[in-house]
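Structure first, then comments.
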Amino acid sequence: MKIFNTMTRCKQDLVPIEEGVYRIYVCGPTVYNFIHIGNARPVVVFDVLRRYLEYRGNRVLFVSNITDIDDKLIQKAIAEGTSMQEVARRYEAEYFTDLDGLGVERATVHPRATEHIDEILSIVADILEKGYGYIAENGDVYFRAKKFEGYGKLSHLVLEDLVSGNRDLKSSLAEDLKEDPADFAVWKAAKPGEPYWESPYGNGRPGWHIECSAMARKHLGKTIDIHAGGEDLIFPHHENEIAQSECANGCTFSNYWMHNAFLNIDSHKMSKSAGNFFTVREISAVYGYEAIRYFMLTGHYRSPLNYTAELLEACKAALERLYTCRANLAFAVQNGGGASEILAQKAAVAKSKFCLAMDDDLNTVEALAAIFDFVRDVNTLCADASPAALEIAATVFDELTGVLGIVQHRETSETPADVLALVEERTAAKAAKNWARADEIRAELAEKGFAVEDTAQGPKISRK
RNA sequence: GGUGUCGUAGCCAAGUGGUAAGGCAGAGGUCUGCAAAACCUCUAUGCGGCAGUUCAAAUCUGCCCGACACCUCCA
């Protein structure tokens with residue numbers, strides 16, 4: 001499999017440190033609010049990566065953090081007159097509700113920053129010991145960005161350009177405390193009224209970037225295979241993580257870096273101030289979670305994706321086609337099938353095309369095209385397919401859609417006896433050419449939430 | 001100013017040198033008592049524009065036009 005590595009800016013063969021095992025760290029949310037649909041993109045994209053690697057027989061150690069200490073959390077807690085932890089736990093629970101809705105598998109570990117203060121302080125100590133950090137007069141601990149030779153290697157930015165080109169840098173509040181404008185905090189001294197932890201440098205809390213360095217090291221080791229997140233994290237977050245981790249550990253932090261592009265609204269970045277801000281929760285209420293997940297797969301993860309209501313409608317319709325196909329397959333299995341083996345060959349072709357697409361930097365768009373080609377094959381051939389071919393087709397269909405995490409809502413409950421009786425009565429009415437009664441029963445079934453369709457193999461019942 | 005990305009049908013979108021996938025929407029048709037679903041056919045002589053390289057360009061090069069992002073809040 002090849003993936004695009006932000007560090008080298010080219011597609012590279014993905015080779016793990018340990019054969020058959022992938023150690024992946026994906027930056028998770030700061031839990032100060034419901035996640036918005038932009039947050040859903042990395043969550044879905046890297047869940048697909050994980051599922052695909054597992055599908056190909058690998059073990060995946062997947063870590064995705066929960067940032068539960070941050071300025072925004074503190075502000076929200078103050079505004080609500082509650083504690084930071086209460087706010088964090090509340091939105092963490094909402095985050096998991098959304099993850100479940102989106103069909104995102106739980107990470108191997110979802111570490112919380114506040115539960116890794118010891119590990120964080122240990123890295124801070126490493127950084128200070130090696131001379132890459134210094135304690136400011138107020139108790140802040142800063143990292144000497146310029147001292148780290150590789151600083152800028154991920155974002156391909158040159159420090160001097162950054163500093164000269166950005167005025168905010170020079171006017172930031174902490175400026176007086178820093179030796180250099182490019183330095184960043186790894187530990188922040190406590191301000192009155194803020195939550196804090198004790199440290200050798202006085203009471204304080206972790207800087208934003210240090211938690212990921214600490215949690216990645218604890219749960220995955222000093223060198224990991226893939227570090228991923230949204231493209232906005234490249235600088236400064238990931239750049240700073242690299243600086244911290246590589247100084248502290250003395251080795252490469254991550255062999256591969258993957259970044260998803262943004263999801264925009266009307267071609268512009270979402271922002272609360274612009275008023276184009278949508279949460280996953282509110283959109284799922286209208287179109288369903290699965291349409292959101294599907295939507296994330298309709299563009300390549302490194303290209304910007306533009307959200308509109310019309311596109312979500314289109315995604316719903318496309319999903320309907322997939323569900324109908326799966327139902328056709330199940331119906332064919334139920335009816336015994338025929339003698340043709342062609343569908344089994346088509347299934348093999350679909351699988352091979354799907355994997356070829358996914359192996360090429362997670363090309364979910366082509367992977368979907370492979371599935372839809374297969375859908376046409378299934379719809380055309382399943383009535384005559386042999387039981388063995390049908391079984392293979394069903395397995396492949398479930399495997400491929402399973403990797404993408406779509407078409408997962410199967411009807412498991414039995415059709416109620418009264419519905420079956422009505423369908424039987426309708427079949428009899430039809431045989432007697434009593435169309436009025438047949439249509440009446442169809443309407444009655446619709447009221448009960450069932451649709452009946454007439455096929456060459458007899459009536460096909462489905463839930464609406 | 002520095003660093004990048006993108007422009008393909010009504011909409012979305014893949015394709016990075018060999019003659020335009022797939023989805024949604026639309027039109028016509030087949031099947032059906034009617035319907036639904038499905039299937040078949042049609043919908044870009046052309047990939048922002050202009051030059052150039054090549055037997056061959058959506059794909060490579062140059063210029064231009066347009067859109068967007070990052071540059072210490074951010075997925």
Side-chain angles (χ1 to χ4, degrees), chain A residues 9 26-30 35-46 70-72 145 152 155-169 172 174 181-185 207-209 228-237 239-240 259-264 267-272 294-295 297-300 302-306 308 310-322 324-325 327-328 331 353 357 360 363-373 375-376 378-383 430 433-436 438-439 442 451-456 460 462:
Chain A
R9 287 187 178 175
V26 179
C27 286
T30 301
I35 62 166
H36 57 65
I37 51 169
N39 297 112
R41 193 167 189 191
V43 158
V44 170
V45 163
F46 298 116
D70 177 86
D71 287 339
K72 281 183 286 232
S155 53
H156 304 91
L157 295 171
V158 179
L159 259 182
E160 281 65 30
D161 295 341
L162 287 177
V163 176
S164 64
N166 196 296
R167 248 177 296 168
D168 294 342
L169 253 179
S172 79
D183 294 348
F184 56 90
W208 172 36
H209 317 292
E231 65 178 355
D232 57 317
L233 295 181
I234 295 171
F235 191 90
H237 186 55
E239 199 70 73
N240 290 356
H259 294 96
N260 63 276
F262 266 65
L263 188 146
N264 299 318
S267 299
H268 288 273
K269 192 169 158 176
M270 262 188 288
S271 75
K272 281 184 177 171
Y294 183 93
F295 177 59
L297 308 174
T298 61
H300 186 89
R302 285 191 288 112
S303 298
L305 202 51
N306 203 27
T308 66
E310 293 70 32
L311 289 176
L312 266 276
E313 288 288 2
C315 288
K316 263 185 96 166
L319 276 168
E320 267 310 305
R321 180 165 163 80
L322 294 174
T324 302
C325 174
N328 290 157
F331 187 72
K353 278 188 182 167
D360 183 18
N363 194 333
T364 54
V365 187
E366 288 212 326
L368 277 172
I371 290 177
F372 278 105
D373 283 341
V375 164
R376 175 158 287 115
V378 169
N379 287 335
T380 313
L381 302 167
C382 71
K430 277 184 58 176
K433 296 199 190 296
N434 185 352
W435 310 127
D439 290 349
R442 188 158 62 193
V452 60
E453 296 166 30
D454 299 317
T455 77
K460 177 165 165 263
S462 59

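Chain naming here is simple, since letters A, B, ... match the order of the sequence lines and numbering starts at 1 in each. Scope of the values below: all heavy atoms of this structure, side chains included, with no hydrogens, waters or symmetry mates.
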Inset, instruction - Taking the side chain as every heavy atom from C-beta outward, state whether A:L322 and A:Y294 have any atom pair closer than 4.5 Å. - result: yes
Inset, instruction - Starting at CD of A:E366, measure out to CD1 of A:I371 and round the result to the nearest 0.5 Å. - result: 12.5 Å
Inset, instruction - Tell me what A:A369 touches on the nucleic acid: a base, only sugar-phosphate, or nothing, going by heavy atoms under 4.0 Å. - result: base
Inset, instruction - May I have the distance from A:N306 (atom CG) to B:A75 (atom C1'), rounded to whole angstrom? - result: 16 Å
Legend entry - Protein-nucleotide distance (A:E231, atom CD; B:A75, atom C1'), rounded to Å: 9 Å
Legend entry - Nearest-angstrom distance from the residue atom CZ of A:F184 to C1' of B:C73: 16 Å
Inset, instruction - Could you check whether A:F262 gets within reach of a base, just the sugar-phosphate, or nothing at all, counting any heavy atom under 4.0 Å? - result: base
Legend entry - Spacing between A:H259 atom NE2 and B:C74 atom C1', to the nearest angstrom: 13 Å
Inset, instruction - Could you give the distance separating B:C60 and B:G17 at their C1' atoms, to the nearest angstrom? - result: 8 Å
Inset, instruction - Using a 4.0 Å heavy-atom cut-off, write out nucleotides 31-38 of chain B from 5' to 3' as B (base contacted by protein), S (sugar-phosphate only) or - (no contact). - result: --BBBBSS
Inset, instruction - Nearest whole angstrom, please: distance from the P of B:A75 to the CG of A:D232. - result: 6 Å
Inset, instruction - Specify the residue among A:K72 and A:G299 whose closest nucleotide of RNA chain B lies further upstream toward the 5′ end. - result: A:G299
Inset, instruction - Please state the C1' separation for the pair B:U59 and B:G46 - nearest whole angstrom. - result: 14 Å
Inset, instruction - For A:P29 and A:I35, work out which heavy atoms get closest and say how close. - result: CB-CG2, 4.4 Å
Legend entry - Presence of donor-acceptor pair under 3.5 Å, side chain of A:K269 and base of B:C68: no
Legend entry - Whole-Å gap separating P (B:C24) and OH (A:Y294): 7 Å
Legend entry - Value rounded to 0.5 Å, distance of CD in A:E453 from CZ in A:R442: 9.5 Å
Legend entry - P-based separation of B:G66 from B:G49 [nearest Å]: 15 Å
Inset, instruction - May I ask you to say what A:D71 touches in the nucleic acid, namely base, sugar-phosphate or nothing, with a heavy-atom cut-off under 4.0 Å? - result: nothing
Legend entry - Residue pair A:A261 / A:P304: nearest heavy atoms and the distance that separates them: CB-N, 3.6 Å
Legend entry - Rounded distance in Å - CD1 (A:I234) to C1' (B:C70): 8 Å
Legend entry - Secondary-structure string, 5' to 3', Watson-Crick or G-U under 3.5 Å, | for another-strand partners, for RNA chain B: (((((((..(((.....[...))).(((((.......))))).....(((((..]....))))))))))))....
Inset, instruction - Between A:D360 and A:G28, just flag the one whose closest nucleotide in RNA chain B comes earlier from the 5' side. - result: A:D360
Legend entry - A:N328 side, atom CG; A:L381 side, atom CG - distance, nearest 0.5 Å: 12.0 Å
Legend entry - B:C24 to B:A9 separation - C1' atoms, rounded to the nearest Å: 12 Å
Inset, instruction - Provide the distance between the two P atoms, one in B:G23 and one in B:A37, to the nearest whole Å. - result: 16 Å
Inset, instruction - Assign A:I371 to base, sugar-phosphate, or nothing according to its heavy-atom contacts below 4.0 angstrom with the strands shown. - result: nothing
Every protein N/O within reach of nucleotides 4-7 of chain B N/O, cut-off under 3.5 Å:
| from | atom 1 | to | atom 2 | distance (Å) |
| --- | --- | --- | --- | --- |
| B:G4 | OP1 | A:R9 | NH1 | 3.4 |
| B:G4 | O5' | A:R9 | NH1 | 3.4 |

Inset, instruction - Could you work out which one of B:A14, B:A75, B:C24 sits closest to the side chain of A:E366? - result: B:A14
Legend entry - B:C50 to B:C55 separation - P atoms, rounded to the nearest Å: 23 Å
Inset, instruction - Using the six-membered ring wherever Trp is involved, compare the ring planes of A:F184 and A:H209 and label them parallel, tilted or perpendicular (cut-offs 30° and 60°). - result: perpendicular
Inset, instruction - Check A:G38 against A:M270 and note the closest heavy-atom contact, atom names and distance. - result: N-CE, 3.2 Å
Inset, instruction - Any chance you could measure A:T324, atom OG1, to A:N379, atom CG, to the nearest 0.5 Å? - result: 8.0 Å
Legend entry - Distance, nearest 0.5 Å, that separates CG of A:L297 from CG of A:N363: 11.0 Å
Legend entry - Nearest-nucleotide pick for A:A314, side chain only, options being B:A14, B:A75, B:C24: B:C24
Inset, instruction - Output the distance between atom OG1 (A:T455) and atom NZ (A:K460), rounded to the nearest 0.5 Å. - result: 8.0 Å
Legend entry - Salt bridge flag under 4.0 Å for residues A:D232 and A:K269: no
Inset, instruction - With heavy atoms under 4.0 Å as the rule, sort A:H237 into base, sugar-phosphate or nothing. - result: nothing
Inset, instruction - Sticking with atom C1', work out how far B:U16 lies from B:A58, rounded to a whole angstrom. - result: 9 Å
Legend entry - Whole-Å distance separating the CG atom of A:N264 from the C1' atom of B:C74: 13 Å
Inset, instruction - Check every atom of B:U72, B:A25, B:G15 against the side chain of A:A182 and return the nucleotide holding the closest atom. - result: B:U72
Inset, instruction - Determine, for A:D373 against A:R376, whether the closest basic-nitrogen to carboxylate-oxygen distance falls under 4.0 angstrom. - result: no
Inset, instruction - Describe the nucleic acid contact of A:G38 in one word from base, sugar-phosphate, nothing, applying a heavy-atom distance below 4.0 Å. - result: base
Legend entry - Whole-angstrom distance between B:C42 and B:G10, as gauged at atom C1': 15 Å
Legend entry - A:F46 vs A:N260 side-chain heavy atoms within contact, under 4.5 Å: yes
